[in-house]
Every structure is written in structure tokens, then in C-alpha cells.
Number of protein chains: 2
Amino acid sequence: MKKTSILNKLRSSGLRPTKQRVEIAKFLFNRDKTFHFTVESLGKHLAKKTTTKFALATIYNTVHAFKKAGHLSEVHLRGKNNTTYFDTNISNHHHFYDSETSELIDINDNEIKFDKIPKAPNGKTIKNLEVIINLKN
Amino acid sequence: MKKTSILNKLRSSGLRPTKQRVEIAKFLFNRDKTFHFTVESLGKHLAKKTTTKFALATIYNTVHAFKKAGHLSEVHLRGKNNTTYFDTNISNHHHFYDSETSELIDINDNEIKFDKIPKAPNGKTIKNLEVIINLKN
DNA sequence: ACTTACTTTAGAACTATTATAAACTTTAAA
DNA sequence: TTTAAAGTTTATAATAGTTCTAAAGTAAGT
Ligand SMILES: [Mn+2]
Ligand SMILES: [Mn+2]
Ligand SMILES: [Zn+2]
Ligand SMILES: [Zn+2]
């Protein structure tokens, strides 16, 4: 992924390309495979691999802006550690959750097929359907 | 449900039948239909409907003991409010989640059927599978 | 009654996240 | 270029759900 693409991600999220935001975007989007992260893991990586200073609030704000713009998704799972997982895979997909390691593993949408799905209750419609398959050893 | 059943719930959870625990157990289990609750909603109910005093820690401890004994289950969902949902329905089942109202609605296990499920990765096995269907208006 | 083990409690501690507001930076107009 | 407006970063405080602590209280068996 090229520099212009990073700048596009920022622009399309309504964010000016500051030093902090460019570093965050590079780490999140300059890669071949998608991945899952927490704000904590992201912050630790940035502290180790860059010389830039990142306030926690900056990381939260930037991640939320990317999410709002549709460049990141959030996994609505409450693991044993009470942290929020973000996902650079924004396609419709599902997850294995390994509670031993607190790790998420993607399940492609086409790896799960439904025979029967209930209809939404009274006046509501279905926004989306999330499957989490909990793993054990 | 009779008083002996309440006492059985407590005994089988390794809990002595104190005033607080009996009130909690009565509220959770003396009813026809299962339901979802948070520690906050449980505490509010108890404060309103009984004359007993309940420290938050007592409610947490008791709910966790019931969960550990298998009398309650926990819904591993992170809603917009960051609270943990508990469920008196301990059967294998799924949920609708209405983020407008922060409400959970049960989906019976037989209302969802799978055609295809991925196999667990490398050395792991599947503990269980949770479906959450997010609703919108 | 006495003893021991368990329980409740208020408040402190902990942790993820969000809010605040002052100092700093980006942008683009003048 | 200067300059001003708008946006951004930061340290720190605030918030909220949950867990911990240790002292005072209660249950159960003798
Ligand atoms: Mn550094
Ligand atoms: Mn009361
Ligand atoms: Zn994913
Ligand atoms: Zn349920």
C-alpha cells in the first residue's frame, strides 16, 4: 500500500495527516493481511517501533475516526480481558475466539452457511449477524 | 419454584443461605420465564422490592457463584453500555441484540440451523458457538 | 455457649475508556 | 510570507464497571 493510499484513508476519515495519524495509518493499513488489535497493543507497537509520542487519547480518537469512516470494524466480544478488539478486515466475516490466548481468528463469510435464521422481532430488522466460535484446547 | 429449590440452588453453588443470597436467588429463579439482567438492574430491583441491604460486592459474588455452578450464564457481548449481561437461560441458545434499547432477546437453539461450520484450527476444539443478531429499527 | 469458617460491607483499587482545556500544528486566506 | 481560523495533541482528570480488602457480622456444628 502506497503513501497516497494512507493519505486517502486519512482524508476520507476527515483527518488531517499529522505525524501521529500517519504512523497509525501506516501500521494499520501498510500490510498484506488484515489483523486484529486492541488500543493497548497498538499503542505498545507504536511506542516500540517509532520515535513519535502518542497520547492514548490520540490513538483512541484516530481509531474511532477510522471506524466511523468504515476503514476499521469493531468486534463486539467481551473477552476475559475487558478490552475492545478492532479489525482491519472490514468485510462481513466471523471469528474464532481463543480465550486461552485472547486471540481472534477470522472465519471467512463463506465458511459458514445457514439453513435457518429466525426472523427479526416485531418492527425490527436484522442489521447483521455475528458468529463467535469459542475454542478450547 | 419452591423454597427448597432456592435452597438447592444455593447449596449446589456452595453458598450458605444468607438473607441477601436468598433474596437474590428468589428474584432470579422464582419465575416462569428466563430473563437477562445486569448487576446494575439486579441491584436496582433488589433495592426497590426488598428491605434488605445489598452491597454491590455481595451481588457480584453471588451472581458469579451461580454462574460458576452453572445456574446462570454470561452473554459475551459488548454493547454500547459496557456492562455484562447474565442470563437465567442456561440452555444452549442465541440472541438478538437491540442496540437501541440495549436489550437481549433469546433465540432458541432450534431456530438457527447450520449447513456448514468451519473446523477448529490446529490443535483446538470448539467449545461452543454463539450467534448474535444485531437489530435495527 | 463456643468456635470456626464463612459472609457482608464500605470503601479503596483497578482498568478501559472518554472528557477537558491548554499548548501546538495545519491550512489556507490575505 | 504573515496571519488567523480551525483542527490536533497532550497530560491529566473524570467516569464506570468490576474486583479487592480487611474489619465487623453471621451461620453451623460442637
Ligand atoms: Mn518510541
Ligand atoms: Mn430496600
Ligand atoms: Zn476479523
Ligand atoms: Zn438468553
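Atoms considered below: every heavy atom in the structure, side chains included; atoms not considered: hydrogens, waters and symmetry mates. Every chain is numbered from 1 and lettered A, B, ... according to where its sequence line falls, protein lines coming before strand lines.
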Requested in this report: Give a yes or no on this: more than 12 heavy atoms of other residues, nucleotides or ligands lie within 6.0 Å of atom NZ of Lys68(B).
Outcome: no
Between the protein and nucleotides 11-20 of chain D, are there any N/O to N/O pairs under 3.5 Å, and if so, what are the atom names and distances?
| from | atom 1 | to | atom 2 | distance (Å) |
| --- | --- | --- | --- | --- |
| dT18(D) | OP1 | Thr84(B) | N | 3.0 |
| dT18(D) | OP1 | Thr84(B) | OG1 | 2.5 |
| dT18(D) | OP2 | Tyr60(B) | OH | 2.7 |
| dT18(D) | O5' | Tyr60(B) | OH | 3.1 |

Query raised in the report: If you measure from the Lys or Arg side-chain nitrogens to the Asp or Glu carboxylate oxygens, is any gap between Lys19(A) and Glu23(A) under 4.0 Å?
Result: no
Query - Given DNA chain D, 5'-ward residue of the pair Pro17(A) and Lys19(B), judged by closest heavy atom - result: Pro17(A)
Query raised in the report: Roughly how many Å is it from CG in Asn61(A) to P in dT8(D), rounded to a whole number?
Result: 10 Å
Query raised in the report: Does Phe66(A) have its ring centroid less than 6.0 Å away from the ring centroid of Phe29(A)?
Result: yes
Query raised in the report: Do Tyr85(A) and Phe37(A) make the cut of ring centroids closer than 6.0 angstrom?
Result: no
**Report entry** Crowding at NZ, Lys53(B) (>12 non-hydrogen neighbours, <6.0 Å)
**Finding:** no
Report task. Would you mind reading off the bend of the helix from dA1(C)-dT30(D) to dA30(C)-dT1(D) from its two end axes, five pairs each, to 10 degrees? Result -> 10°
Report task. Nearest whole angstrom, please: distance from the C1' of dG25(D) to the CZ of Arg16(B). Result -> 12 Å
Query raised in the report: Looking only at side-chain N and O atoms, does Thr18(A) come under 4.0 Å of OP1 or OP2 in dG7(D)?
Result: no
Query raised in the report: Looking at Asn110(B), Asn108(B), Asp106(B), which one forms a side chain to side chain donor-acceptor pair (under 3.5 Å) with His93(B)?
Result: Asp106(B)
Query raised in the report: If you draw a 6.0 Å radius around NZ in Lys44(A), do more than 12 non-hydrogen atoms from other residues or ligands fall strictly inside?
Result: no
Query raised in the report: Just wondering, are more than 12 heavy atoms of other shown residues or ligands nearer than 6.0 Å to NZ in Lys119(A)?
Result: no
Query raised in the report: Do Asn134(A) and His76(B) meet the criterion of a side-chain donor-acceptor pair at a distance under 3.5 Å?
Result: no
Query raised in the report: Would you say Lys33(B) has more than 12 foreign heavy atoms packed within less than 6.0 Å of its NZ?
Result: no
Query raised in the report: For DNA chain C, which nucleotides open and close the run of contacts to chain A, 5' to 3', at under 4.0 angstrom from a non-hydrogen atom?
Result: dA16(C) to dT27(C)
